[in-house]
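Values in this document were obtained by computation on a predicted structure and should not be read as measured data. Lettering of chains follows the sequences in order, A, B, ..., and the numbering in each one begins at 1.
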Amino acid sequence: MSKPLTGTLELDVGRLRRERYAKLQAQMAADGLDALVLLHGPHVAYATDCLPKAADATHVSANRPVAVVLADHSRPCLLGGDPDGLDVDPHPAVWPDIDEGGADLGAQLDAILGKTAHGGRVGIDLMTGAMRRTGVLSAADITDAANTMGAVKLHKTVDELACIHQAQARTNRAMATVQEALVPGVRRSELAAVFLRRLREEGIDANMIDVIFQPMARRMADGPRTTTGHLAFPTWSGDPVYAEGDLIWVDAGSDYHGYASDFGRTWVVGRPPTPAEQLCFERWLAVMDASYEAIVPGATFADVCAAATAADAAHQPHDERPWMPHFYLVHGVGIESAEMPFLGTDNGPDFDAAHALAPGMVLVLEPAIWDDGTGGYRAEEIVAVTDDGWIPLGGGHPYDPFEAPT
Amino acid sequence: MSLHLQRRTRAVDALAAAGIDMLVAGRQDHINYITGAHQLWTAGARPFGPVCTLNVATGEIFLLSTWDEGVPEDIDLDHLHGITWNGAIIYQRLAANPGMAAAQRVGVDAWSPGMAGLLSAVAPNAEIVPADDILLRARRTKLPSEVDAIRAACAVAAEAAEAALAHPGTDAQRLAVGVEAMALAGSSTPAAEPRARGPVVDFSCIRFHYEGGLGRTAGGAPPEARPHAALIAACVPGATGHDLRQAAPDGDWLIRGSGMGFEPPVINPHYGKSEVLEEHMVLSVSAATGAEYARDTVLVTESTPEILSSEEP
């Protein structure tokens, strides 16, 4: 059951940091960890609020900050990054990708961890080649940090919801301007230029994925070949010029204070949708309505998938489910653009039956309807599971040029 | 031979010389280098996972991609693995990979405890060893077509710098027009984070896998008097990190490889003293003295270094 969002979701940065750090400490205790050593940018941000750079992976990793969280310590250590204004113990920068930097990191970790470096239980999310070559943490009892980080980020605090809400609202506004620029003869690069400029004007300096305006072949057989025999989306598609009547699937993600948005819409270039295109949209709406209805705490992932599937069953002669088989009906979003929960993936029905929704989970619904020969409709919406239903995040965005029936 | 196959030959030769049987790569730059595939760019470094495998003896590649769009023809659809959310499927694919079970040395370009466990299970006879340094060593000197690609990327970044320098607005506004100009010129993907702070701008992009970039100060010195001019002049074959320190100005400076993004060597006041420059390396050379900052992308030649980032703006 939906509740409209009352008031605004205001980010309280201090509370965000405190609540996340407390969750991290509690999870470390539950997992029996003496320390966490984090190199993956979103994990570093979760522990310290040192935000990851929205740059190429090679640049982000070259001199990336490292977070160290010690059990029962009141604040984390941050190696490198910009500690100004953060509640962290600052340490000198290291360059974990080069051997000299790996050795520096090893020495700093030995000093910070003390006895824990020798036999202590240390969770770590990544080691670079340089760290392996220089023997970093070779005397510790190391384990993967993935479970610990996965547990803390699954249920969002109110401030995490506020960040996602802000990211989505700003992405929506930037996309409204982009859609005005979508006219026959425009190139993908021109739309990307408008989007990147408008994002920054919205106060977002972190675009997280090369924005997708993919012209969809109307028949699957005319599109790229796939491992699934189904749709190819979202692909790298160069710099196409759009013509009147082109069907464009849009996908974008930006980042506000370390949290991702996820924008998805279907656009038609230069003309209203045909009745067959409109029907795809209406099928999509029906799947969304059925999914929304099924979203309550305690519902299994399978319950939501079954509701969505039933809503489109009359249009599915081959019993296909109304989402792309390489993806999902629903994915989570947070410090990653796609994270747990995943509903309707190739993890299979047993997985979906064994997992249930809970308050604080954030769901990106992205069913996709395909009618081969016509094309299809795909869009995304973000909701947060509450104690008794869900609330929408991002403030909504029109489905133009499609219109919902009244 | 197409560029990506020339690059792959370099990588295979280097891996074979190091006794690596199988490469399991997760870093997009390494994957791009070996496969030539155009895959969606995402910001930030991903956790380590097996995105691409290369059998060093046979050259057989498996690539994580649900479609063949952007994938060169030498990698067939039956060698593409669709995206999966299921750890058991990742395990099955690796286990079914010809050559994995018998591999003695599996090279990886990053490492995590979870992935180490998985790889040990599918390659029980193998030592799991870091191979990032082997690949980066092979990538260190550039082929002529790579230099052309870097020069083209530099021209795109220069458009961004020019737009930002010409704009009278706030730093945020100048960044906005800079990234807009860069997208119009041919790249909607940054290499480093773009910078506009007071009179200083720095823009870089990834265009068709290759990085180009430059930094400028509005109203700054002419090229021969910029803070990094002496450093650029010192970028000759045989120059050591120590030599470059001698040529460096007082203040911040950095020399690092530039190709498919940020690459070694890293030479700065703290690191890289024993590095030695070679002909055909491409370097990002930057320095700041007082309020003036400048950066260029430079090709090490047998004689005078060639600046690949246009001198204007």
Side-chain angles (χ1 to χ4, degrees), chain A residues 40-42 52-62 64 95 97-101 124-130 132-133 142-144 146 189-190 192-194 196-197 200-201 205-212 224-228 232 234-237 326-328 337 342 345-348, chain B residues 27-29 38-48 65-70 77 80-86 89 108-114 129-133 172-173 175-177 179-181 183-184 186 188-193 206 211 256 260-264 266 270-272:
Chain A
H40 181 51
K53 291 180 185 172
D56 187 64
T58 58
H59 283 261
V60 170
S61 56
R64 59 171 131 214
W95 294 60
D97 270 15
I98 58 172
D99 287 6
E100 290 171 280
I124 188 162
D125 56 0
L126 181 90
M127 278 213 192
T128 64
R132 297 269 289 153
R133 283 187 289 278
I142 65 170
T143 185
D144 208 301
S189 54
E190 295 174 90
V194 173
L196 293 173
R197 175 179 179 154
R200 287 188 175 267
E201 290 169 353
D205 56 10
N207 178 55
M208 300 309 286
I209 182 165
D210 195 17
V211 55
I212 295 143
R225 296 182 304 162
T226 61
T227 59
T228 55
T235 73
W236 178 87
S237 58
H326 62 282
F327 273 165
Y328 23 58
S337 57
F342 293 105
T345 66
D346 65 356
N347 279 306
Chain B
R27 279 182 52 152
Q28 194 67 48
D29 54 324
H38 290 279
Q39 302 192 294
L40 270 184
W41 181 92
T42 54
R46 290 191 285 257
F48 175 59
S65 178
T66 309
W67 39 79
D68 62 0
E69 178 76 26
L77 185 64
L80 299 182
H81 288 314
I83 191 169
T84 181
W85 312 91
N86 185 327
I89 293 175
V108 292
D109 61 1
W111 188 92
S112 68
V129 297
D132 57 315
D133 54 337
Q173 288 168 333
L175 281 169
V177 299
V179 297
E180 178 186 42
L184 288 172
S188 45
T189 52
E193 281 190 313
I206 302 288
E211 172 177 350
R256 50 97 182 163
M260 294 183 127
F262 190 114
E263 299 177 1
V266 172
H270 191 56
Y271 292 131

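We find the CH2-CD distance between A/Trp236 and B/Gln39 to be 11.5 Å, quoted to the nearest 0.5 Å. Between A/Phe342 atom CZ and B/Asn86 atom CG the span is 12.0 Å, to the nearest 0.5 Å. Rounded to the nearest 0.5 Å, atoms OG (A/Ser61) and CG (B/Asp132) are 10.0 Å apart. Distance CG/B/Leu40 to CD1/A/Ile212: 4.5 Å, rounded to 0.5 Å. The CG atom of A/Asp56 lies 10.5 Å from the CE atom of B/Met260; values are rounded to the nearest 0.5 Å. A distance of 8.0 Å separates CD in A/Glu201 from CD in B/Glu180, rounded to the nearest 0.5 Å.
Chain A forms more heavy-atom pairs under 4.5 Å with one residue of B/Val108, B/Asp68, B/Thr42 than with any other, namely B/Asp68. Counting heavy-atom pairs closer than 4.5 Å to chain A, the top-ranked of the candidates B/Thr66, B/Val179, B/Ile89, B/Leu184 is B/Thr66. Counting heavy-atom pairs closer than 4.5 Å to chain A, the top-ranked of the candidates B/Ala172, B/Ser65, B/Gly82, B/Ala43 is B/Ala43. Ranked by heavy-atom pairs under 4.5 Å with chain B, the list A/Gly41, A/Pro52, A/Gly101, A/Gly348 is led by A/Gly101. Note: B/Ser188 leads B/Pro130, B/Pro190, B/Ser188, B/Ser112 in heavy-atom pairs under 4.5 Å with chain A. Among the candidates B/Gly261, B/Ala131, B/Pro264, B/Gly70, the residue making the largest number of heavy-atom pairs closer than 4.5 Å to chain A is B/Gly261. Ranking A/Ile209, A/Asp125, A/Thr228, A/Ile142 against chain B, the residue ahead of the rest is A/Ile209, based on heavy-atom pairs under 4.5 Å. Looking only at heavy-atom pairs under 4.5 Å with chain B, the residue among A/Asp99, A/Leu126, A/Val211, A/Ile124 that has the most is A/Leu126. Chain A forms the most heavy-atom pairs under 4.5 Å with one residue out of B/Leu80, B/Asp29, B/Val266, and that residue is B/Val266.
Counted by atom type alone, A/Asp346 and B/Thr84 present one or more donor-acceptor pairs between their side chains at under 3.5 Å.
Within the 4.5 angstrom heavy-atom criterion, only side-chain atoms of B/Arg27, from C-beta onward, approach chain A. Contact annotation for B/His81: only backbone heavy atoms (N, CA, C, O) come within less than 4.5 Å of a heavy atom of chain A. For chain A, the nearby parts of B/Glu193 are the backbone and the side chain; heavy atoms of each come within less than 4.5 Å. For B/Ile83, the parts lying under 4.5 angstrom from a heavy atom of chain A are both the backbone and the side chain. For chain B, the nearby part of A/Ile98 is the side chain; its heavy atoms alone come within less than 4.5 Å. Both the backbone and the side chain of A/Thr235 come within less than 4.5 Å of a heavy atom of chain B. Heavy atoms closer than 4.5 Å to chain B are found nowhere in A/Ala146, neither backbone nor side chain. Of the atoms belonging to A/Ala130, it is backbone heavy atoms, and not side-chain ones, that fall under 4.5 Å from chain B. For B/Glu211, the part lying near chain A is the side chain, with the backbone staying farther off; criterion is any non-hydrogen pair under 4.5 Å. With a threshold of 4.5 angstrom between heavy atoms, A/Asn347 approaches chain B through its backbone and through its side chain. For A/Pro234, the parts sitting under 4.5 Å from any heavy atom of chain B are the backbone and the side chain alike.
Nearest heavy-atom pair, B/Ala45 versus A/Arg64, reported as atom, atom and distance to 0.1 Å: CB-NH1, 3.8 Å. Scanning all heavy atoms of the two residues, the minimum distance from A/Ala192 to B/Ala183 falls at C-CB, 4.3 Å. Among all heavy-atom pairs drawn from A/His59 and B/Ala192, the shortest one is ND1-CB, 3.5 Å. Between B/Gly44 and A/Ala57 the shortest heavy-atom distance is O-CB, 3.4 Å.
Aromatic ring pairs are classed by plane angle as parallel below 30°, tilted from 30° to 60° and perpendicular above 60°; the pair B/Trp67 and A/His326 is perpendicular. Below 30°, between 30° and 60°, or above 60°: for A/Tyr328 and B/Trp85 the angle between ring planes is between 30° and 60°, a tilted geometry.
With contacts defined as side-chain heavy-atom distances shorter than 4.5 Å, the pair A/Thr143/B/Pro113 does not qualify. At least one side-chain heavy atom of B/Val177 sits less than 4.5 Å from a side-chain heavy atom of A/Arg197.
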For B/Asp133 and A/Arg132, what are the C-alpha separation, side-chain angles and deciding distance, and is it a salt bridge (Lys or Arg N to Asp or Glu O under 4.0 Å)? CA-CA 11 Å; B/Asp133 54 337; A/Arg132 297 269 289 153; over 6 Å; no

